[in-house]
Amino acid sequence: MEDRRTIALVDCNSFYVSCERLFEPKLSGKAVVVLSNNDGCVVARSREAKALKIAMGVPFFQIKDHVDAGRLIAMSSNYTLYGDMSHRVMRTLSELGFPQEVYSIDECFLDLSDAVEPVATMAEARRRVAHDVGIPTSIGIACTKTLAKLASDLAKEHPAGVYAFPPPGPELAKILRNVPVIDVWGIGPRIGKVLLELGVHTALDLARMNVHTMRERYGITGARVVQELRGVRCIELEEVQPKQSITSSRSFAGQVTELDDLRAAVASFVERACEKARSGHRAATALTVFIEHNRFDPRAPDCSGALTHHLSVPTNLTSELMHYASEMVRRLWRPGGRWKKAGVLLLGLVDDRSQQTSFLDQVDRERGKALAAAVDEINNKHGRLVVRCAATCLSKDWRPLMERCSPRYTTRWDEVPKIG
DNA sequence: TCTGGGGTCCTAGGACCC
DNA sequence: TCTGGGGTCCTAGGACCC
């Protein structure tokens with residue numbers, strides 16, 4: 001009754017470090033970490049660095065001794081490079097012709113249900129990525145995404161780099177008995193702690209938990225994890241989902257206290273976020289601005305805050321959003337505040353069919369005015385007007401009209417009350 | 001004094017992921 | 001002294017409507 005699928009998870013090994021190694025071969029075989037922005041904390045570790053017991057996310061100053069002693073090499077990050085390399089890996093994998101879900105910068109799922117020999121196919125995929133792009137990978141194969149993810153962890157210990165779980169049954173149970181529950185995809189530190197207290201120590205214990213209990217305690221997500229571990233597919237492969245939100249934020253090197261400094265920072269975030277939105281042909285229907293105090297300093301004054309502004313018309317124009325963001329910062333700011341981080345979120349993203357929006361905005365004001373005049377004329381003649389809300393009508397002068405139409409940039413006929 | 005039930009939408013916050 | 005920057009999904013509760 002169950003239709004069995006075969007899912008693979010392809011995971012790039014120590015991805016950022018592997019990227020750096022491509023351009024600095026002398027880093028091979030060495031303990032290497034890549035640091036976050038401002039060289040704040042560790043975001044990637046080579047196998048050798050993991051052997052030094054360097055945890056993910058530790059602040060740099062805590063591992064500085066290793067670096068000073070020559071045991072460890074720390075690199076600043078280069079996200080443009082990683083993005084580019086990721087693109088190449090994903091493209092190489094897509095050429096195999098299987099449905100693909102790019103899950104993160106260094107991972108993707110492949111639906112191998114139609115593959116005749118999944119393990120051999122993935123061995124070839126792995127060889128190809130290594131040869132064409134130069135990035136080492138680990139590939140896990142199983143019948144659900146959650147199991148495939150676990151299998152890819154185990155694949156790292158296999159010399160072949162590809163590891164397939166047996167179908168659900170005693171043999172799989174034996175393997176899951178050796179996997180700590182905290183290593184299961186979807187079980188974070190919070191839920192993991194509670195599970196341990198309940199005596200649920202391994203992935204097998206979790207798979208044997210009562211689904212209804214999990215549903216009650218941890219909601220639908222908890223129940224899904226249990227089912228997936230049993231081999232019941234609950235999480236589907238999702239091919240290219242358009243983004244639903246875009247964030248741009250940074251921690252400040254020092255503390256920011258002045259309104260103008262805060263404003264300048266937020267302005268740059270708005271600019272970046274808008275660029276991202278435009279390049280993905282997305283437009284926001286809401287804008288959130290947040291500022292945060294130093295959460296690591298218990299004595300720091302709590303001056304964190306966030307405001308959300310809803311837009312009547314979706315936009316990805318820097319100038320427009322900057323206007324709102326600036327006002328929001330002014331409202332969030334208060335004297336005596338010491339801020340450590342700030343950012344903006346573009347929310348409620350919709351498809352931006354008006355790729356010429358910014359063009360129109362800059363050079364087509366005149367045409368907008370002419371259109372508005374034409375509308376006036378028709379209004380005067382007919383009393384009310386039927387307007388085609390096409391993307392070409394998006395000049396600022398048409399905004400009041402657009403507000404009465406569909407909230408999205410859809411092309412449709414709509415009734416609009418008399419303007420002016 | 002009695003005081004429905006079902007639906008939607010929105011928001012804030014929590015938990016998780018890489 | 002120094003502690004990242006993105007994302008997603010789910011839930012609960014309030015407002016509002018009929």
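No experiment lies behind these values; they were computed from the predicted model shown. Below, chain A is the first sequence line, B the second, and so on; all start at residue 1.
- When both pairing distances are held under 3.5 Å, C:dC10 makes a Watson-Crick or G-U pair with B:dG13.
- Within the nucleic acid shown, A:Lys64 has no heavy atom closer than 4.0 Å to any nucleic acid atom.
- As judged by a 4.0 angstrom heavy-atom cut-off over every strand, A:Glu107 is placed among residues touching the sugar-phosphate backbone only.
- The same atom, P, is picked in B:dC17 and in C:dT3; the two are 25 Å apart, to the nearest Å.
- For A:Ser245 and A:Ile220, each mapped to the nucleotide of DNA chain C holding its nearest heavy atom, the one lying further toward the 5' end belongs to A:Ser245.
- Contact annotation for A:Arg217: no contact, since no heavy-atom pair falls under 4.0 Å across all strands.
- Non-hydrogen atoms lying under 4.0 Å from DNA chain C are contributed by A:Ser251, all within residues 251-258 of chain A.
- Counting non-hydrogen atoms under 4.0 angstrom, A:Phe60 reaches nothing in the nucleic acid.
- Residue A:Lys50 places its NZ atom among more than 12 non-hydrogen atoms of other residues, nucleotides or ligands, all under 6.0 Å distant.
- A:Asp106 comes within 4.0 angstrom of sugar-phosphate atoms only, judged by non-hydrogen atoms across all strands, and of no base.
- Backbone-only engagement by A:Ile187 is indicated by non-hydrogen atom pairs under 4.0 Å involving sugar-phosphate atoms exclusively.
- Here the side chains of A:Val33 and A:Leu35 are in contact, with some heavy-atom distance below 4.5 Å.
- If you check every strand for non-hydrogen atoms under 4.0 Å, A:Arg224 touches sugar and phosphate atoms only.
- Listed by first then second residue, pairs satisfying side chain to side chain donor-acceptor pair (under 3.5 Å) with a partner in residues 298-308 of chain A read A:Thr288-A:Thr308, A:His293-A:Asp302, A:His293-A:Ser304, not counting sequence neighbours.
- Using a 4.0 Å heavy-atom distance criterion, A:Ser77 is classed as making no nucleic acid contact.
- Using a 4.5 Å heavy-atom cutoff, the side chains of A:Arg334 and A:Cys303 are in contact.
- A distance-only check finds a donor-acceptor pair linking the side chain of A:Lys340 to the backbone of A:Phe252 [under 3.5 Å].
- Screening residues 254-267 of chain A for side chain to side chain donor-acceptor pair (under 3.5 Å), with sequence neighbours left out, gives A:Gln255-A:Arg338, A:Arg263-A:Ser326.
- Tested against A:Phe165 for a side-chain contact (heavy atoms from CB on, under 4.5 Å), the candidates A:Thr144, A:Leu150, A:Ile141 yield a single pass: A:Leu150.
- Counting only residues at least two apart or on different chains, the side chain to side chain donor-acceptor pair (under 3.5 Å) pairs with a member in residues 184-205 of chain A are A:Tyr103-A:Trp185, A:Thr202-A:Asp205.
- As judged by a 4.0 angstrom heavy-atom cut-off over every strand, A:Tyr218 is placed among residues making no nucleic acid contact.
- Looking at heavy-atom distances under 4.0 Å, A:Leu35 makes no contact with the nucleic acid at all.
- Shown are A:Thr221, A:Leu206, A:Val225, A:Ile220; of these, the side-chain contact (heavy atoms from CB on, under 4.5 Å) with A:Met214 is made only by A:Leu206.
- The main-chain N or O of A:Glu238 is found under 3.5 Å from a side-chain atom of A:Glu101 such that the two form a donor-acceptor pair.
- Taking each heavy atom of A:Cys274 and A:Thr318 in turn, the nearest pair found is CB-OG1, 3.5 Å.
- First and last contacting nucleotides of DNA chain B toward chain A (any atom under 4.0 angstrom from a heavy atom, 5' to 3' order): B:dT11 to B:dC18.
- Tested against A:Asn13, the residues A:Ser18, A:Ser138, A:Ser46 include a single side chain to side chain donor-acceptor pair (under 3.5 Å) partner, A:Ser138.
- Of the residues in residues 175-186 of chain A, A:Val184, A:Trp185, A:Gly186 come within less than 4.0 Å of DNA chain B through at least one heavy atom, sorted by number.
- Residues A:Ile246 and A:Lys340 both approach DNA chain C. Their nearest nucleotides, taken by heavy-atom distance, put A:Lys340 toward the 5′ side.
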